[in-house]
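Down below is the structure, laid out as structure tokens.
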There are 2 protein chains.
Amino acid sequence: MLDLMTENAGNNNHPLREMVSYRLARLQAKLNAQAIRILKQTSGLSLTEWRVLVMLETFGQTTSTKIAKEIEFDKGQLSRCLRRLQNAGLVKSTISEEDSRRQLLEFTVLGRETFEKARPHMRARQKQLLDCMEMEEKHMFFRSLEKLEQVADKSEPPNE
Amino acid sequence: MLDLMTENAGNNNHPLREMVSYRLARLQAKLNAQAIRILKQTSGLSLTEWRVLVMLETFGQTTSTKIAKEIEFDKGQLSRCLRRLQNAGLVKSTISEEDSRRQLLEFTVLGRETFEKARPHMRARQKQLLDCMEMEEKHMFFRSLEKLEQVADKSEPPNE
DNA sequence: ACAATATGGTTGACAGGTCAACTATATTTT
DNA sequence: AAAATATAGTTGACCTGTCAACCATATTGT
């Protein structure tokens, strides 16, 4: 019950502990490490690659820019990631006939297989994470994330 | 109420959207960018440097290893960060008399001044973030973070 | 049709994080 | 006291994320 604030030593109640940004950073680092490990063991994919493939799975044939917008990824990073995926033979691209700047991306057979190898493990992990919370709690948690993200988006925008 | 899942376009309900890890990553990136901007404008500090100084402020004279443990920082990164802080004249270190491996760290006058320049702005930002939630909500949010962190710590530890 | 502008994507530079090897000093074991 | 082990901190390698410059193609305005 009280375990939030009752650790006695200087061990667990330093000021950063209550800072949103810091807490998120730490949690996120741990979750990432976990995901990276699972992906490595099951499919050899990196976390970025995985996320890109999830998008590919969702949208079917799509383009780099579309993905970048959707998941708010840096397009440079994405470009490199896609090249790796193509070199590994997991994704293939064909130049669009309507607009020759665009590259239409899709899974190769190998890509799909690799994706499916990782997927159940990633699902299980996701479930395990969320299972630590009640429905109600989960809902509130995501709502809080939503709110925080809005505040972050709004306040002091880079240039105006 | 329903705003979690009812966004209609393909714009806002892709599958990653519900994934804890991804959501945290994105939120965290935004919060970091915000903090980095504020620090740059007010004090020229980096986020890492800021966090180290917060620790210094909290513990008074302390050592690198203590800080590293406290905030779960990589000691290598910390070493470099401390060197930058020392080069900039914000922190000074003296070798411990009891154990000559240890370097006791503390603020210089300039360091303290720089820290105090950033502090009110960082406080204000923190307040602004938390003000988007009710007390109850805040409490639950941190509880959820706590829980998730526990799950992340426990499950599938790196080596055993 | 031509110039200006917008868009899709690539590339280079750089800060930050993570890991592992390494040096130097302390501590423990025998 | 010597050998083995642990701890404090430094350094190098590598990888990811972010930013800005850049090229090529499309689109728009005149």
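Labels below follow one simple rule: chain letters A, B, ... track the order of the sequence lines, proteins then strands, and each chain is numbered from 1. Heavy atoms only: backbone and side chains are in, while hydrogens, waters and symmetry mates are out.
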Task: B/Leu85 CG - C/dA15 C1' separation (whole Å) - done: 15 Å
- [ ] Tell me, please, which residues at least two apart from A/Asn87 pass side chain to side chain donor-acceptor pair (under 3.5 Å).
- [x] none
Task: Any residue meeting side chain to side chain donor-acceptor pair (under 3.5 Å) with B/Ser93, in chain and number order, not counting sequence neighbours - done: B/Gln86
Open item on the list: Measuring from atom CD of A/Glu136 to atom CE of B/Met140, what distance do you get when rounded to the nearest 0.5 angstrom?
Closed with: 7.0 Å
Task: Spacing of A/Thr65 atom OG1 and A/Gln103 atom CD [to the nearest 0.5 Å] - done: 9.5 Å
Task: Closest-nucleotide 5' rank along DNA chain C - winner of B/Phe73 and B/Glu98 - done: B/Phe73
- [ ] Using whole Å, report how far CZ of B/Arg84 lies from P of D/dT10.
- [x] 13 Å
Between the protein and nucleotides 19-22 of chain C, list every N/O to N/O distance that falls short of 3.5 Å.
none

Output side-chain donor-acceptor pairs under 3.5 Å for residues 110-118 of chain B, partner residues at least two apart or in another chain, one line each.
from     : atom 1 : to       : atom 2 : distance (Å)
B/Arg112 : NH2    : B/Glu57  : OE1    : 2.2
B/Thr114 : OG1    : B/Leu110 : O      : 2.7
B/Glu116 : OE1    : B/Arg119 : NE     : 3.4
B/Glu116 : OE2    : B/Arg119 : NH2    : 3.1

- [ ] Find the distance A/Tyr22:OH to C/dG16:C1' and express it as a whole number of Å.
- [x] 17 Å
Open item on the list: Has B/Ser21 got a side-chain atom pairing as donor or acceptor with A/Leu31's backbone, closer than 3.5 angstrom?
Closed with: no
- [ ] Could you check how far CG of B/Asp99 sits from C1' of C/dT28, rounded to whole Å?
- [x] 15 Å
Open item on the list: Between C1' on D/dT18 and CD on A/Glu72, what's the gap in Å once rounded to a whole number?
Closed with: 14 Å
- [ ] Whole angstrom is fine here: how far is it from CG in B/Asn32 over to P in C/dA15?
- [x] 17 Å
Open item on the list: If I take atom CG from residue A/Leu45 and atom CD1 from residue A/Ile38, how far apart are they, to the nearest 0.5 angstrom?
Closed with: 12.5 Å
Task: Nearest to side-chain heavy atoms of A/Arg83, which nucleotide of C/dT10, D/dG9, D/dT16 - done: C/dT10
Open item on the list: How many whole angstroms separate atom CD of B/Glu97 from atom P of C/dA26?
Closed with: 12 Å
Task: Listed partners of A/Glu72 passing salt bridge (charged side-chain N to carboxylate O under 4.0 Å, His left out), at least two apart - done: B/Arg26, B/Lys30
Task: Below 4.0 Å: OP1/OP2 of C/dT11 and any side-chain N or O of A/Ser79 - done: no
Open item on the list: Check for me, please, whether A/Val54 and A/Leu104 land in the same ILVMFWY cluster - side-chain distances under 4.5 Å, paths through other members count.
Closed with: no
Open item on the list: Side chain of A/Thr48, heavy atoms from C-beta onward: which of C/dT10, D/dT16, C/dG9 has the nearest atom to it?
Closed with: D/dT16
Task: B/Gln103 CD to C/dT23 P, straight-line distance once rounded to whole Å - done: 18 Å
Produce the list of close N/O pairs, under 3.5 Å, pairing protein atoms with atoms of nucleotides 1-7 of chain D; give distances to one decimal.
from  : atom 1 : to       : atom 2 : distance (Å)
D/dT7 : O2     : B/Arg101 : NH1    : 2.4

